[in-house]
Structure formats: C-alpha cells, structure tokens
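These numbers come from a predicted model, not from an experiment. Start at 1 and go down the list; that is how both ligands and their atoms are numbered.
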Amino acid sequence: MSFRTGERRIWDATATLEALGAADVALWIWEPETDRLRLNGAARALGLGPLAPECSSAAFRALALPQDRAQAEEVLKPREPGSEVVARFRVRGGETCLWRGVWLEEGVRAAGVVAPETKFSASELCDLTGLLDRRSFLARARERLAQEGTHQLVVADLDRLRRLNEALGHERADLVLAALGSRLAAAFPAQSILGRIGEDEFAVLCQPLGYEPSDVLRSALEQPLRVAGFDIHPTLSIGAVSAEGGLDAPDAAELLRRAELAVEAAAAAGRGGAAAYGRAMETDGLSRLALEADLRGAIGRGEITPYFQPIVRLSTGALSGFEALARWIHPRRGMLPPDEFLPLIEEMGLMSELGAHMMHAAAQQLSTWRAAHPAMGNLTVSVNLSTGEIDRPGLVADVAETLRVNRLPRGALKLEVTESDIMRDPERAAVILKTLRDAGAGLALDDFGTGFSSLSYLTRLPFDTLKIDRYFVRTMGNNAGSAKIVRSVVKLGQDLDLEVVAEGVENAEMAHALQSLGCDYGQGFGYAPALSPQEAEVYLNEAYVDGAAPVKARG
Ligand SMILES: Nc1nc2c(ncn2[C@@H]2O[C@@H]3COP(=O)(O)O[C@H]4[C@@H](O)[C@H](n5cnc6c(=O)[nH]c(N)nc65)O[C@@H]4COP(=O)(O)O[C@H]3[C@H]2O)c(=O)[nH]1
Ligand SMILES: [Ca+2]
C-alpha cells in the first residue's frame with residue numbers, strides 16, 4: 001500500500017485505513033489541534049486503548065507504563081505528511097502493543113492501526129540485563145529499519161568475559177553483566193533498541209546522536225566496577241555500521257552480521273578497539289570447516305612459524321629483542337594472522353602443541369642469531385603463552401630443556417603471560433612462575449592494564465618485564481585515563497625495577513610521549529611489524545644493539 005511520488009514514499013493511508021476498518025482492525029486517529037485521540041471499537045475490545053472512544057494526549061500518555069512513555073510520545077509528535085509512525089509500548093496491565101500509522105496532513109492528523117504484541121513479552125528479555133535477547137532484538141531492528149533515515153548499529157563485545165567468569169565465578173560475573181546492562185540502558189535515548197545478543201555481546205540500534213554511538217557505548221560501559229573486592233575495568237571491542245532505512249534497507253540480520261565482522265576486526269586490532277564495517281572485512285568465503293581441516297597437521301608440516309617483531313629502546317631506537325608472533329603460511333590463502341586461526345587452534349585443543357612449537361622454533365632462531373652476531377649478547381626473544389598454558393604439565397621441564405639444547409643464557413627466552421591468566425589462581429601462578437624463573441626463563445606480563453586485578457600482587461610475582469597494552473598507548477593522546485594508566489604502569493615498573501615495554505608504538509609522536517613518561521622500551525608498526533626470519537636478519541644487521549654500536553659496524 002505504498003507508492004512513490006518523485007523521491008518521496010507515501011503510504012496511501014486513507015485507502016489502507018478503509019480496508020483495515022472493514023476487516024475489524026483496531027484503528028486510531030490523532031488530531032493534535034483538538035488534542036483528541038480516537039479509537040474504534042476493535043481497539044477497545046483488545047483492551048489496548050482507553051475505554052472511552054476518545055481521549056486526550058495526557059490520558060494517552062498515562063496509558064503507557066512510565067518507562068515506555070517516550071515511545072508513546074512517538075505517536076503524538078507532529079510530523080510532515082507521509083511520515084510514518086511506529087511505536088511500541090506496554091500499556092497498563094502489561095500488554096505490549098505496536099502502533100503504526102502515518103501523518104496525513106502536516107501536524108493536523110495522523111492515523112493508523114494498533115495491535116497487541118505478544119512476541120516481546122518479558123520472556124524475550126535477557127533475565128540478567130533486562131535487554132532484548134538476540135531474536136527479539138533482530139525482530140525490532142527489522143521494523144525500525146523500515147523507517148526512512150539513517151540508522152546506526154553498534155555492537156560491543158566484552159573482552160575476556162570467559163576469563164572474568166573463571167576469575168570471579170559465574171554469579172559475580174553475572175553481576176558485572178547486569179550492571180553493564182543498566183548502564184547501557186541509561187546511556188542511550190529511550191527510543192533506541194538495546195539488546196544483549198550473545199553471551200558477552202551488547203547491541204544498540206539508534207538514530208544518529210550527533211556524536212559517535214561507539215563513544216557513548218564505550219564511556220557507558222568502560223567505567224570501572226567493583227565486584228567482590230575486585231576492581232574490574234571492562235574493556236570492549238566495538239564494531240559499528242550504519243544504513244539507510246526504508247524500502248531498500250538491508251535486512252537486520254545482515255546488518256548485524258556486518259557489525260559483528262567489524263567487532264572481530266576491532267578485537268584483532270587489539271583489545272579495547274573499535275572498527276567501522278568495511279567491505280574488506282568480507283573474507284573469500286572459504287568456510288571455517290575447510291580451515292579446520294587445513295589446520296590439522298599444519299603445525300607438523302611447518303606451516304605455522306614464528307615471525308619476529310623488534311622491541312627497541314625508545315631513546316635510541318636500538319634493538320633489544322624480538323617478540324615471536326605466530327603466522328600461518330597457508331598453502332592457498334597465503335599468510336594468515338593469529339586471530340584467524342588461534343581461536344580454532346584453541347577449540348581443537350592444539351594450544352599446547354602450538355605453544356611448544358613456537359617456543360622451540362623461536363629459541364632455535366635466537367640461538368642461530370646469537371651465534372652469527374656475538375655482539376648481540378643481550379638479545380632476547382619472547383613467546384606468548386596461551387590461556388591456561390602456564391598450567392601445562394611439563395612446561396617447566398620443556399623450558400629448561402629448550403634453553404639447554406639451544407645454549408641460551410638465563411633470561412634470553414622470555415615468556416609473555418597475560419594478567420588474567422594469572423588472576424585465575426594467583427597463588428598457584430606465583431609458584432609456577434617462580435619455577436619457570438628458576439629454570440631460566442624471563443617473564444613478561446602481557447597486555448598490562450586490561451585486566452581487573454589489584455597491583456599489589458605484582459610485587460610478589462617474579463616478572464622482569466611489564467608490557468603496556470596497546471589500547472592505552474593508542475588512546476593516551478586524547479584520553480586522560482589512558483595517559484594516567486601509562487604513567488602509573490611506568491612508575492610501577494621503575495619502583496619494582498622492571499623493564500616496561502609499550503606495545504603498539506605507531507609513530508614518532510607516540511614514542512616521544514612514552515619517553516617523556518619514562519617508558520624505556522617499545523614495539524610497534526612505527527619500528528617494524530612482525531618480520532619473517534630473513535627480514536629480521538636484515539633488521540638485525542642494520543640495527544643498533546641496545547646500549548652498543550651498530551651490530552654491522554662491529555661485524
Ligand atoms: N595496531 C597495532 N598492532 C600492532 C603494532 N605492533 C604490533 N602489533 C600487533 O600486536 C600484536 C602483539 O601481540 P599480542 O598483544 O601478544 O597479541 C597476540 C597474541 O596474544 C596472540 N599470539 C600471537 N602469536 C602467538 C603464539 O605463538 N602463541 C599464542 N599463544 N598466542 C599468540 O595473537 C595476538 C595477535 O597477534 P598479531 O596479530 O601478531 O598482533 C601482534 C602485532 O602484530 C602496532 O603498532 N599497532
Ligand atoms: Ca604478547
């Protein structure tokens with residue numbers, strides 16, 4: 001029942017209303033000038049309107065439950081002729097109803113239909129947060145997208161929810177989720193559609209707010225929380241996409257898929273990231289199953305190998321060491337970054353195999369470099385331990401054996417462990433870390449600042465390096481909170497006599513800012529990305545060794 005006049009789409013309301021009236025559908029007509037809202041008999045029979053055949057706007061508002069009044073207002077607000085009216089609210093008595101209609105003459109009269117909406121009863125809401133669940137979110141989004149105008153969909157993924165669960169227990173982690181849900185509801189205008197669409201995923205569909213919805217989301221949800229004596233600093237990966245509503249609007253599920261792709265890209269770019277959907281995020285359609293099949297045996301075939309990202313002294317640019325980062329050289333797809341295969345490796349239970357392989361390969365490479373460049377006596381290589389790997393039986397023996405076989409001195413091979421991995425069981429972690437240190441491993445605390453721990457336990461753990469998460473480095477220029485975190489981590493490092501390495505140093509400005517905060521070491525695209533062993537060799541030849549002359553000059 002709609003047609004186009006020029007560019008404008010107009011619903012032929014009179015014809016529609018006549019047809020519907022004959023079909024005994026509940027109809028309403030609203031005339032602001034006389035402050036009269038009229039309903040036909042069918043509406044009253046449904047218990048959706050006032051018992052009288054007409055009511056004032058005030059009485060109409062009073063029909064809606066207080067928290068839904070803003071939605072009722074949507075029906076009353078005068079608009080241009082042809083504008084659609086869509087509102088859903090619960091009326092007293094608990095029934096949710098959907099009001100749809102159209103403005104017939106500008107500000108003079110609107111008319112439409114009203115129907116009970118049982119799909120969205122309380123059971124469709126997430127119990128914990130009171131937000132819509134995924135299905136209901138999609139259903140409402142679909143309707144909203146039918147409205148002309150720009151719509152923005154933002155999806156936020158709570159980083160490391162699983163680890164939060166492990167550390168706090170489900171009940172307390174649920175409290176965190178509930179708190180986040182109510183913060184979200186308070187942060188967006190009432191007509192926004194809010195959902196908890198996955199275990200750790202929130203979504204908002206809104207009209208342009210005049211500022212970035214990702215920022216609103218972030219500042220609403222990333223405030224620290226205190227639960228069960230823990231200070232929790234939630235961090236989010238955020239994806240955003242916008243779309244024009246109306247006849248040609250994309251389907252809600254498709255829009256959600258794009259926003260979730262953007263979330264993945266943001267998460268891959270670093271915890272606490274945000275990304276806008278872009279075409280390039282679509283992969284070549286090779287299915288996950290195919291990838292899984294390829295992954296079996298990939299480690300054994302030597303397809304997954306360490307690449308090496310330089311870690312440098314910020315004041316001189318001199319090379320201090322490398323971080324080994326896994327790359328999968330896929331026979332058909334080319335080089336794949338860890339975020340495309342690590343989750344699969346984890347699901348397939350291959351994490352220990354990968355960890356052992358990366359450590360052996362990186363140690364062997366370091367040993368080769370040390371033999372070729374005697375001047376580089378202090379060169380280190382770090383490898384990442386995956387979640388739970390610290391508990392791997394035989395890890396300590398494996399480290400000791402690796403150092404022995406490759407004739408590496410104490411501290412040359414570093415293990416990077418994340419804060420939350422330790423927080424699962426700090427007492428146990430302390431014992432394991434100490435045996436690892438005794439076996440000769442260096443220990444770095446990775447992604448520092450993103451966890452939810454108190455700092456005091458650090459003094460009791462045998463770390464020699466703190467790595468500041470790149471989220472703080474990236475945002476310290478325009479976010480006072482991030483700058484404070486960087487400053488206090490650097491200070492903490494100095495007090496505890498630890499090396500502090502900033503991750504994600506992308507340009508000279510960041511390097512200078514970090515130095516002025518007293519940070520000594522950095523790694524990032526500003527120096528070099530992760531390099532193949534051959535490229536790293538070239539870098540080694542050209543680099544200055546930390547605190548010494550160029551390696552090349554010293555032969
Ligand atoms: N935006 C930005 N990013 C930068 C910059 N400099 C370096 N990066 C990226 O930051 C990541 C640093 O590693 P991570 O935080 O430990 O994060 C790593 C680490 O947690 C994990 N990972 C990588 N290799 C291994 C491995 O062998 N074992 C395990 N368990 N995890 C690994 O995968 C994560 C992602 O690795 P990559 O994709 O290689 O991503 C690397 C690196 O390429 C920069 O200036 N800007
Ligand atoms: Ca790392």
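The closest non-hydrogen atom to atom 27 (O) of ligand 1, taken over E506, M351, E323, M358, comes from M358. Distances from atom 30 (N) of ligand 1 to the heavy atoms of S386, S352, P338 show the closest one on S386. Closest to atom 41 (C) of ligand 1 by heavy atom, among I345, T305, T418, L325, is L325.
No more than 12 heavy atoms of other residues, nucleotides or ligands shown are found within 6.0 angstrom of CD on Q364.
For the pair OE1 of E416 and OE2 of E323, the angle whose vertex sits at the Ca ion (ligand 2) is 90° to 10 degrees.
No side-chain heavy atom of E389 sits less than 4.5 Å from a side-chain heavy atom of L415.
Note on ligand 1: P529 sits outside its first shell, no heavy atom being nearer than 4.0 Å. In this structure, R474 has no heavy atom closer than 4.0 Å to ligand 1. Taking 4.0 Å as the cut-off, R327 counts as a neighbour of ligand 1 on heavy-atom distance.
When each atom of ligand 1 is checked for a heavy atom of D446 under 4.0 Å away, the hits are 16 (O). Proximity to L342 (heavy-atom distance under 4.0 Å) selects the following atoms of ligand 1: 21 (C), 22 (N), 31 (N), 32 (C), 33 (O). Residue-ligand proximity, Q309 to ligand 1, at heavy-atom distances under 4.0 Å covers atoms 6 (N), 7 (C).
A salt bridge is defined here as a Lys NZ or Arg NE, NH1 or NH2 lying under 4.0 Å from an Asp or Glu carboxylate O, and E260 with R257 fails to meet this definition. Salt-bridge formation is not detected for the pair D464/R437: no Lys NZ or Arg NE/NH1/NH2 atom is positioned less than 4.0 Å from an Asp or Glu carboxylate oxygen.
At least one N, O or S atom of N384, from either the backbone or the side chain, sits less than 3.0 Å from the Ca ion (ligand 2). For the Ca ion (ligand 2), the N/O/S atoms of E503 include none lying under 3.0 Å.
For ligand 1, one of its N or O atoms has an N or O atom of A326 under 3.5 Å away. The distance criterion of under 3.5 Å between nitrogen or oxygen atoms is met by R470 with respect to ligand 1. Inclusion of F525 in the set of residues having an N or O under 3.5 Å from an N or O of ligand 1 is warranted.
The backbone N or O of L350 sits nowhere less than 3.5 Å from a side-chain atom of E353 that would complete a donor-acceptor pair. The main-chain N or O of D215 is found under 3.5 Å from a side-chain atom of S219 such that the two form a donor-acceptor pair.
In this view, F202 satisfies the ring pair (Phe, Tyr, Trp, His ring centres under 6.0 Å) rule with no residue, not counting sequence neighbours.
Side-chain contact check for H360 and N406: no donor-acceptor pair (N or O, by modelled atom type) lies under 3.5 Å.
When you scan the N, O or S atoms of D446 for the one nearest the Ca ion (ligand 2), you land on OD2.
Of the residues L236, L131, L158, the one that meets the side-chain contact (heavy atoms from CB on, under 4.5 Å) test with L180 is L158.
Closest of all the heavy-atom pairs between A439 and V396 is CB-CG1, 4.0 Å.
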